[in-house]
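Remember, it's a predicted structure, so these values are computed and weren't measured experimentally. Below, chain A is the first sequence line, B the second, and so on; all start at residue 1.
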There are 2 protein chains.
Amino acid sequence: MDALFRRLNYYADLNEDDRTALDGLKYRVEVYESGEEIITRGDDPGDAFIVSSGWAARYIALEDGRSQILNFMLPGDVYDLQVFVSSGADHSVLALNQVKVLEIKRREILSVFDKKGRAGAAFWWCALQEEAILREQIVRNGRRSARERVAHLLLELHRRALISGEGAGDSFHMPVSQAMLADALGLSFVHINRVLRELEKAGALSRKKGWITLERREHLVELCDFRDDYLHLDANPRRLGFNF
Amino acid sequence: MDALFRRLNYYADLNEDDRTALDGLKYRVEVYESGEEIITRGDDPGDAFIVSSGWAARYIALEDGRSQILNFMLPGDVYDLQVFVSSGADHSVLALNQVKVLEIKRREILSVFDKKGRAGAAFWWCALQEEAILREQIVRNGRRSARERVAHLLLELHRRALISGEGAGDSFHMPVSQAMLADALGLSFVHINRVLRELEKAGALSRKKGWITLERREHLVELCDFRDDYLHLDANPRRLGFNF
DNA sequence: CGGTCATTTGACACGGCTCAAGAAACGTGG
DNA sequence: CCACGTTTCTTGAGCCGTGTCAAATGACCG
């Protein structure tokens with residue numbers, strides 16, 4: 001519940017009532033190991049899911065084995081805020097490392113919405129951000145070169161990892177194989193590797209045991225013209241300890 | 001208002017009360033000519049927008065002139081159902097031909113949501129569908145070849161045009177230049193042209209004055225393995241006069 | 001009728017893909 | 001702790017889908 005509170009509070013500066021409302025939510029904790037499917041296409045979950053720890057990937061697989069990652073889910077991210085209508089999931093969610101998930105009945109979430117406090121608004125902010133991230137993914141993969149895509153995605157994930165309370169400074173833990181990056185960015189994993197090595201050789205970043213360090217963040221920013229406004233972080237800018 | 005009612009009714013089989021609630025909505029009609037911007041990035045509209053007639057494109061432009069269309073808006077599509085939180089638009093909307101737009105105050109829309117009738121549910125269904133279309137756009141552009149992309153997008157637009165009450169049978173009016181198609185599919189307009197001509201020569205489709213006819217729809221479906229489930233049309237399948 | 005914009009086609013270049021094979025990292029059981 | 005199988009990463013060679021550039025043609029519009 002910490003991850004959720006942290007996230008919502010980041011957006012909306014919650015007060016006591018909001019905190020109480022959130023604490024009152026009844027939820028179940030499920031643990032998924034790396035490689036397990038949290039949601040499978042066609043499921044009709046019935047609950048909303050909140051990532052409490054670990055990373056997951058929303059993806060769609062084509063018939064012939066190709067597959068595309070839609071986006072990554074970090075602690076505090078919510079699956080299925082479209083709690084008002086129920087429909088079979090049109091995509092799957094895969095655990096990238098061990099993921100703890102809070103599963104909450106739709107009507108529980110609705111009770112928070114109904115209270116019309118800041119917690120409800122913060123949930124909406126989450127939904128708005130999630131959709132904006134999808135849109136940025138479209139632009140990234142549609143109109144950017146391989147190098148730009150990699151730089152842009154790393155900058156996004158770095159930013160989001162910081163918000164989730166993971167990572168420190170210019171480093172963050174990224175439990176994502178190069179093949180997964182390829183499926184996220186619409187490239188081959190061979191080419192992902194080449195781009196990563198090139199950036200590494202240029203001193204822009206370094207990698208070690210699943211940790212990424214953005215050695216020259218400004219260089220990466222410039223490389224892909226990264227603007228973070230799509231992350232809609234300005235709900236409450238004072239939450240962020242530094243300026244980009 | 002017809003386009004909206006038609007769309008919502010398609011999803012939810014509205015009753016008299018719902019109809020009354022919708023008819024009671026106060027709105028303003030704005031007309032935009034082809035090429036005009038309905039929403040400009042950075043705007044904070046304050047209202048929700050419903051396309052009443054005509055086509056529009058949501059897009060994001062990069063600094064250097066590249067631009068990416070996120071998706072197309074057809075009659076009955078709604079802009080900004082995230083009415084509960086207000087934030088600057090992170091993308092723009094461009095009129096592709098003459099577009100009539102209903103502009104509705106957020107609180108008006110909220111009143112329909114609050115009534116908890118089927119109209120509210122139908123709005124949610126719209127939001128769910130919109131996000132699913134974005135996801136499919138990611139997969140299409142990320143993991144499909146140029147030919148598959150073109151076929152897949154045409155099939156989607158055909159389907160959506162029929163639902164909007166435009167088009168007839170295998171034909172529909174598509175006020176979209178090849179350069180726009182290119183910006184939607186992450187390709188160059190030269191290549192779009194080649195693919196279209198190829199499909200045309202193969203007898204899969206024909207074009208005339210902005211009208212597209214899917215001469216061999218099944219062929220196109222097979223070509224890109226088109227599954228229409230992402231359009232979430234199953235809310236009320238009987239509304240559709242034919243089976244795919 | 002001229003001007004502008006959209007379409008079409010050819011020639012050529014190149015970014016990223018495929019295939020292949022070796023090296024490194026990782027997990028597991030002994 | 002090592003040994004082993006498995007997955008992931010790395011690198012090279014060659015190819016192909018798509019981009020770029022350029023120019024002609026056609027469609028539309030006042």
I'd like a table of atom pairs between the protein and nucleotides 21-23 of chain C - only N or O on both sides, under 3.5 Å - with the distance next to each one.
none

Describe the nucleic acid contact of A:L187 in one word from base, sugar-phosphate, nothing, applying a heavy-atom distance below 4.0 Å. sugar-phosphate

Separation of C:dG15 P from B:H191 NE2 (nearest whole Å): 17 Å

Have A:Y59 and A:E37 got a donor and an acceptor in their side chains that come within less than 3.5 Å? yes

Residue-phosphate contact under 4.0 Å: A:R197 side-chain N/O, D:dG12 OP1/OP2: no

Within this structure, what is the CD1-to-P distance between A:I192 and D:dT8, rounded to whole angstrom? 15 Å

Which whole-number value in Å describes the distance from A:L185 CG to C:dG15 C1'? 15 Å

Tell me what B:G35 touches on the nucleic acid: a base, only sugar-phosphate, or nothing, going by heavy atoms under 4.0 Å. nothing

Is the shortest side-chain N to carboxylate O distance from A:R159 to A:E156 below 4.0 Å? no

If you assign each of A:K209 and B:E200 to its closest nucleotide in DNA chain C, which residue comes earlier from the 5' end? B:E200

Could you check whether A:S188 gets within reach of a base, just the sugar-phosphate, or nothing at all, counting any heavy atom under 4.0 Å? base

Whole Å only: how far is the CG atom of B:N97 from the P atom of C:dA6? 14 Å

Does the ring center of A:H158 lie less than 6.0 Å from the ring center of A:F226? no

Using side-chain heavy atoms (C-beta onward) and a distance below 4.5 Å, is A:E200 in contact with A:R207? yes

Base, sugar-phosphate, or nothing for A:R149, non-hydrogen atoms under 4.0 angstrom? nothing

What is the distance, to the nearest angstrom, from the NZ atom on B:K208 to the P atom on D:dC28? 12 Å

Salt bridge check: are B:D64 and B:R66 linked by an N-O gap of less than 4.0 Å? yes

Could you label the plane-to-plane angle of the B:W55 and B:F72 rings as parallel, tilted or perpendicular, counting under 30° as parallel and over 60° as perpendicular? tilted

Answer yes or no: is there a donor N or O on one side and an acceptor on the other, between the side chain of A:R143 and the main chain of B:L187, under 3.5 Å? yes

Residue pair B:R194, B:E198: steps toward the salt bridge (charged side-chain N to carboxylate O under 4.0 Å, His left out) verdict: CA-CA 6 Å; B:R194 283 195 248 269; B:E198 180 203 324; over 6 Å; no

Measuring to OP1 and OP2 of C:dT8, would you say a side-chain N or O of B:N193 lies under 4.0 angstrom away? yes

Side-chain atoms of A:R207 come closest, of C:dG16, D:dC9, C:dT8, to D:dC9

Nearest listed nucleotide, side chain of A:V190, among D:dG19, C:dT8, D:dT11: D:dT11

With a 3.5 Å cut-off and just heavy-atom distances, do the side chain of A:R194 and the base of D:dG12 make a donor-acceptor pair? yes

Nearest-Å distance for atom pair CH2/P, residues A:W211 and C:dA25: 19 Å

If I take atom CD in residue B:Q178 and atom C1' in nucleotide C:dT7, what distance separates them, rounded to the nearest angstrom? 6 Å

Measure CG/A:L196 against P/D:dT11 and give the value in whole Å, please. 11 Å

